[in-house]
Each structure stands twice: as C-alpha cells, then as structure tokens.
Amino acid sequence: AQSVTQPDIHITVSEGASLELRCNYSYGATPYLFWYVQSPGQGLQLLLKYFSGDTLVQGIKGFEAEFKRSQSSFNLRKPSVHWSDAAEYFCAVLGNEKLTFGTGTRLTIIP
Amino acid sequence: DGGITQSPKYLFRKEGQNVTLSCEQNLNHDAMYWYRQDPGQGLRLIYYSQIVNDFQKGDIAEGYSVSREKKESFPLTVTSAQKNPTAFYLCASSMAWGSGANVLTFGAGSRLTVL
C-alpha cells in the first residue's frame, strides 16, 4: 500500500521569504502526485499535480513542485510567500486507484 | 458556478442520535467521496461511489452509511455506532474513478460535534 509522509507539522516563514514544504511518498510504480491547500474551516483546493513528463510542475498562486524519483519526493516551493498563503498544505499520492493523503503541514506567515 | 455544496456547515448531536450530512454536486461528476479529517491525521476515506447506485467502503467505514440514488447527491449518515464521531467531514467528487481522472474537487466541509 502507498503512503505519504510530510515531516514538518508546522512551518513559520516571514512574508516575502522563500518556502519549501517537504513530501515523501512510498509507492512501487510511477505515482500520480498532488498538492492541495486548505484554509481554516474550508475544503481543499488543488494547487498542482504531477502525472508524467516534466518533473517540475507549475501550479496556481505561484507554487511549483519538483518530482524526484530517486528521492521519492515531491516538494512544494514558492519563491516569495504572501500573508494569504497561510493555510494547511496536503500532499497526496494516487496509487492502485486510491488517493492517500499526508497528515499536512500548517504554514504560518509572520510580517 | 459549478461546485459541491455541503450542509449543514455546523451540526451538534447528542450521543445515540443518527445524523445525516448532505452533499450535492453540479459538476456532472461520476465519482463522489466522503473523507473524515481529524487534527494531525490528514484525511481518511470513509466511503466512495464510482457511479450511481453503487458505493464502496473506504478505510474507516464502520459506524457510517451512505446512499447514491442520484448522480448529484451522496449523503452520509453518521450512526450511533460510530464511537468517536466529532470531526470535520469533507465531501469530494471527480470526473471518474481512478487514474488521471481522479482529481478531486472538495466541498467546504461540515463540522460535527457530539455533545
């Protein structure tokens, strides 16, 4: 069975600083990978997805993620965060027709 | 605008009562899902439905029931058999089940509190 690990429960960054959220997955074949964002008390919104092809994928709100097969990772990055990026971020892997989510990373932005 | 509507947003229940959470989508999606979210545990799949009149148990189906009589509707009943029902419940849908079609659209969620 597949699994997803988000090792950072909570990250705090200053507004304007760069951001990297870590995601490691476990799956025997080539995975489909996703990043979702959740504002407090709301549902999840898709930021970006990787199915195949270019390993650097661009998403909404200026986010990007890089698939590294050798490291089983799919880290999310943003060069300059905005206060509105404060939210919880979930990495997910689709394998065997089942979507498995990580436990999430909560992002706090300080002025 | 197309989307998923969940109701109610907040719900309080006494122990021993069944409650039903509503989920309606106007995206013309075939597949629908119910997830439970608890702090620090991510999202766990309760039930899913690939098509009308069909549904399957997810990872934590005990104490829950669903129906899928219409394409656009997938209500979730939290029964009195669910031992720890206080949680945030998320409904989602996708165009189809499996492979690249499995990009989920989520509703805004329903928060259930058992008193």
Side-chain angles (χ1 to χ4, degrees), chain A residues 1-11 21-27 29-53 57 59-60 65 67 74 87-107, chain B residues 3-11 21 23-25 27 29-51 56-61 87-113:
Chain A
Q2 67 263 27
S3 65
V4 178
T5 301
Q6 294 181 248
D8 302 306
I9 296 173
H10 184 203
I11 284 182
L21 302 182
R22 296 183 290 167
C23 172
N24 293 97
Y25 68 91
S26 173
Y27 182 60
T30 300
Y32 292 162
L33 295 160
F34 307 80
W35 274 99
Y36 285 86
V37 60
Q38 183 182 33
S39 298
Q42 296 298 315
L44 277 68
Q45 180 184 20
L46 180 70
L47 280 177
L48 48 78
K49 61 184 185 290
Y50 171 78
F51 286 173
S52 64
V57 294
I60 62 171
F67 170 58
F74 189 56
E88 188 145 23
Y89 292 80
F90 293 92
C91 181
V93 60
L94 176 64
N96 300 320
E97 296 191 337
K98 180 183 172 184
L99 193 62
T100 300
F101 287 87
T103 53
T105 297
R106 185 161 61 93
L107 176 64
Chain B
I4 298 179
T5 301
Q6 290 187 240
S7 63
K9 178 73 173 175
Y10 299 96
L11 185 60
L21 307 181
C23 177
E24 302 279 331
Q25 56 101 355
L27 299 166
H29 285 173
D30 282 327
M32 297 188 73
Y33 314 78
W34 274 104
Y35 287 90
R36 171 181 171 138
Q37 185 177 21
D38 297 281
Q41 294 195 47
L43 278 72
R44 293 181 290 169
L45 183 63
I46 304 172
Y47 267 98
Y48 63 95
S49 168
Q50 299 181 39
I51 200 165
Q56 307 293 330
K57 292 182 178 180
D59 299 320
I60 56 165
F88 190 55
Y89 291 88
L90 286 161
C91 179
S93 69
S94 64
M95 281 196 308
W97 170 258
S99 302
N102 202 342
V103 177
L104 272 58
T105 299
F106 283 85
S110 293
R111 184 167 299 279
L112 172 63
T113 302

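Each chain gets a letter, A, B and so on, in the order the sequences are listed, and its residues count up from 1.
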Peer 1: Is there a side-chain contact between B:Thr105 and A:Gln45, using heavy atoms and a 4.5 Å cut-off?
Peer 2: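 Counting from C-beta outward, B:Thr105 and A:Gln45 never come under 4.5 Å.
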Peer 1: Under a 4.5 Å heavy-atom cut-off, does chain B meet the side chain of A:Leu46, its backbone, both or neither?
Peer 2: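 The side chain, not the backbone.
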Peer 1: Return the option, out of B:Leu90, B:Ile4, B:Leu43, with the maximum number of heavy-atom pairs under 4.5 Å with chain A.
Peer 2: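 The residue among B:Leu90, B:Ile4, B:Leu43 with the greatest pair count is B:Leu43.
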Peer 1: Just so I understand: if I count every heavy-atom pair under 4.5 Å between each of B:Asp59, B:Asp38, B:Leu45 and chain A, which residue has the most?
Peer 2: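 It is B:Asp59.
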Peer 1: Can you confirm whether A:Leu44 sits close enough to B:Tyr35 that some side-chain heavy atom of one is under 4.5 Å from a side-chain heavy atom of the other?
Peer 2: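 When only atoms from C-beta onward are counted, B:Tyr35 and A:Leu44 do not touch, as no gap falls below 4.5 Å.
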Peer 1: Would you say the side-chain atoms of B:Lys9 pair up with the backbone N or O of A:Gly41, donor to acceptor, closer than 3.5 Å?
Peer 2: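 Looks like yes, one N/O pair under 3.5 Å.
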Peer 1: Considering residues, nucleotides and ligands other than A:Ile9, do more than 12 of their heavy atoms fall under 6.0 Å from its CD1?
Peer 2: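 Open.
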Peer 1: Is the shortest side-chain heavy-atom distance between A:Phe51 and B:Val103 below 4.5 Å?
Peer 2: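 Yes; the side chains approach each other to less than 4.5 Å.
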Peer 1: Is it the side chain or the backbone of A:Gln6 that comes within 4.5 Å of chain B heavy atoms, both, or neither?
Peer 2: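 Contact with chain B: none, neither part.
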Peer 1: Roughly how far apart are A:Lys49 NZ and B:Leu104 CG, rounded to 0.5 Å?
Peer 2: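 With rounding to 0.5 Å, NZ (A:Lys49) is 12.5 Å from CG (B:Leu104).
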Peer 1: Taking the side chain as every heavy atom from C-beta outward, state whether A:Gln38 and B:Phe88 have any atom pair closer than 4.5 Å.
Peer 2: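 They are in contact (side-chain heavy atoms under 4.5 Å apart), so the answer is yes.
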Peer 1: Can you tell me if B:Arg44 has over 12 outside heavy atoms packed within less than 6.0 Å of its CZ?
Peer 2: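 Yes, CZ of B:Arg44 has more than 12 neighbouring heavy atoms, counting only those of other groups under 6.0 Å.
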Peer 1: Decide yes or no for A:Phe90 and B:Gln37: does some side-chain heavy atom of the first lie under 4.5 Å from some side-chain heavy atom of the second?
Peer 2: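 Yes; the side chains approach each other to less than 4.5 Å.
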